[in-house]
Amino acid sequence: QSVTQLDSQVPVFEDAPVELRCNYSSSVSVYLFWYVQYPNQGLQLLLKYTSAATLVKGINGFEAEFNKSQTSFHLRKPSVHISDTAEYFCAVKSPGNTPLVFGKGTRLSVIA
Amino acid sequence: ETGVTQTPRHLVMGMTNKKSLKCEQHLGHNAMYWYKQSAKKPLELMFVYNFKEQTENNSVPSRFSPECPNSSHLFLHLHTLQPEDSALYLCASSPLAGPSTDTQYFGPGTRLTVL
């Protein structure tokens, strides 16, 4: 299994909407996660998909939609704030004793 | 102290030094992890401990030696490192290692520079 984050950097103006893209590849069912890393901090869970509703709501106004046919789990926020400037990581995990596999990350820069 | 803590936050060492990184979790979890975060690369899982037993060693060079004396503490002993080992080392914990929906909680990391 693997994760591809299509954009390494995303600049966006404050109060504008944003979408951070994530595609995964796996031959089995998966669980999907989005983590955020603020400067000089560790990773913090934003939200996770665990085979319930395909639209997942997380903290700080973020949400993501699981699309099995497109093998995607894009992260969205309708209106970003300066404080959302951070690195965002998508991660995938298969059932059982398997590791959590991370993408390379997307740096979101919110411009005032 | 809450969550996952790591000390030191920054470490500079020479290639012949021996040092240790410390991680402590205050969440009552039973699984702990070491990750390496290098620029422009995905997080690399290094080691996994479940109930103090090492359950994963992701082909990590022997110059990195983990130790887990109990479920709350995890160490990473370093010796004869190379400059390419410079990175942010992150510790994480989760209720168990294995269940796919368990969230991993991360510490702030130790920024290691090898001269």
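Letters A, B, ... mirror the listed sequences (proteins, then strands); counts begin at 1. In this text the structure is predicted, and so the values were computed from the model without any measurement.
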Measuring heavy-atom distances to chain B, does [X] have an atom under 4.5 Å in its side chain, in its backbone, in both, or in neither?
X       : result
A/Leu45 : side chain
A/Gln37 : side chain
A/Tyr38 : neither
A/Tyr49 : neither

Inspect the contact between A/Glu19 and A/Arg76 and indicate whether a charged nitrogen and a carboxylate oxygen are less than 4.0 angstrom apart.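 Salt bridge between A/Arg76 and A/Glu19, a charged N being under 4.0 Å from a carboxylate O: yes.
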Among A/Thr4, A/Val3, A/Leu20, A/Leu46, exactly one meets side-chain contact (heavy atoms from CB on, under 4.5 Å) together with A/Cys90. Which residue is that?
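Testing each of A/Thr4, A/Val3, A/Leu20, A/Leu46 against A/Cys90, the sole residue satisfying side-chain contact (heavy atoms from CB on, under 4.5 Å) is A/Val3.
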- request: Would you please say whether a donor-acceptor pair under 3.5 Å links the side chains of A/His81 and A/Asp84?
  value: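 No, A/Asp84 and A/His81 have no side-chain donor paired with an acceptor closer than 3.5 Å.
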Item checked: Side chains of B/Ser59 and B/Asn57, donor plus acceptor under 3.5 Å ->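 Result is no, nothing qualifies.
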Discussion item. Could you walk me through whether B/His77 and B/Ser20 satisfy the side-chain hydrogen bond (donor to acceptor under 3.5 Å, both in side chains) test, starting with their C-alpha distance in whole Å, then the side-chain angles of each, then the deciding distance to 0.1 Å, before giving a yes or no?
Written reply: CA-CA 4 Å; B/His77 304 299; B/Ser20 295; 2.6 Å; yes
Quick check: closest heavy atoms across [X] and [Y], and the distance to 0.1 Å?
X       : Y        : value
B/Gln37 : B/Leu43  : NE2-CD1, 3.8 Å
B/Pro95 : B/Thr103 : CD-O, 3.9 Å
A/Trp34 : A/Arg21  : CH2-O, 4.2 Å

Side chains of [X] and [Y], heavy atoms from C-beta outward: is any pair under 4.5 Å?
X       : Y       : answer
A/Val56 : A/Phe66 : no
B/Glu44 : B/Ser38 : yes
A/Tyr24 : A/Leu32 : yes
A/Asn67 : A/Phe73 : no
B/Cys23 : B/Met32 : yes
B/Glu53 : B/Asn50 : no

task: Compute the ring centroids of B/Tyr49 and B/Tyr33, then answer whether they are less than 6.0 Å apart.
output: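 Judged by ring-centre distance (under 6.0 Å), B/Tyr49 and B/Tyr33 do not meet the cut-off.
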Notebook entry, point to check: Between A/Phe33 and A/Phe89, is the gap from one ring center to the other below 6.0 Å?
Noted result: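 Centroid distance A/Phe33-A/Phe89: not below 6.0 Å, so no.
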Note to self: Quick check on the hydrophobic clustering: are B/Tyr105 and B/Val48 connected, directly or via other members, by side-chain heavy-atom contacts under 4.5 Å?
What the structure shows: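 They do not share one cluster, since no chain of ILVMFWY contacts under 4.5 Å joins B/Tyr105 to B/Val48.
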Which residues from [range] are near chain A, with near meaning under 4.5 Å between non-hydrogen atoms?
range                       : value
residues 108-115 of chain B : B/Pro108
residues 78-93 of chain B   : B/Leu88, B/Leu90
residues 7-19 of chain B    : B/Arg9

Contacts with chain B made by residues 103-112 of chain A (heavy-atom distance under 4.5 Å), listed by residue number: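 At a heavy-atom separation under 4.5 Å, chain B is reached by A/Gly103, A/Lys104.
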Original post:
Do the ring planes of B/Phe106 and A/Tyr35 sit parallel (below 30°), tilted (30 to 60°) or perpendicular (above 60°)?
Top reply: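 Perpendicular.
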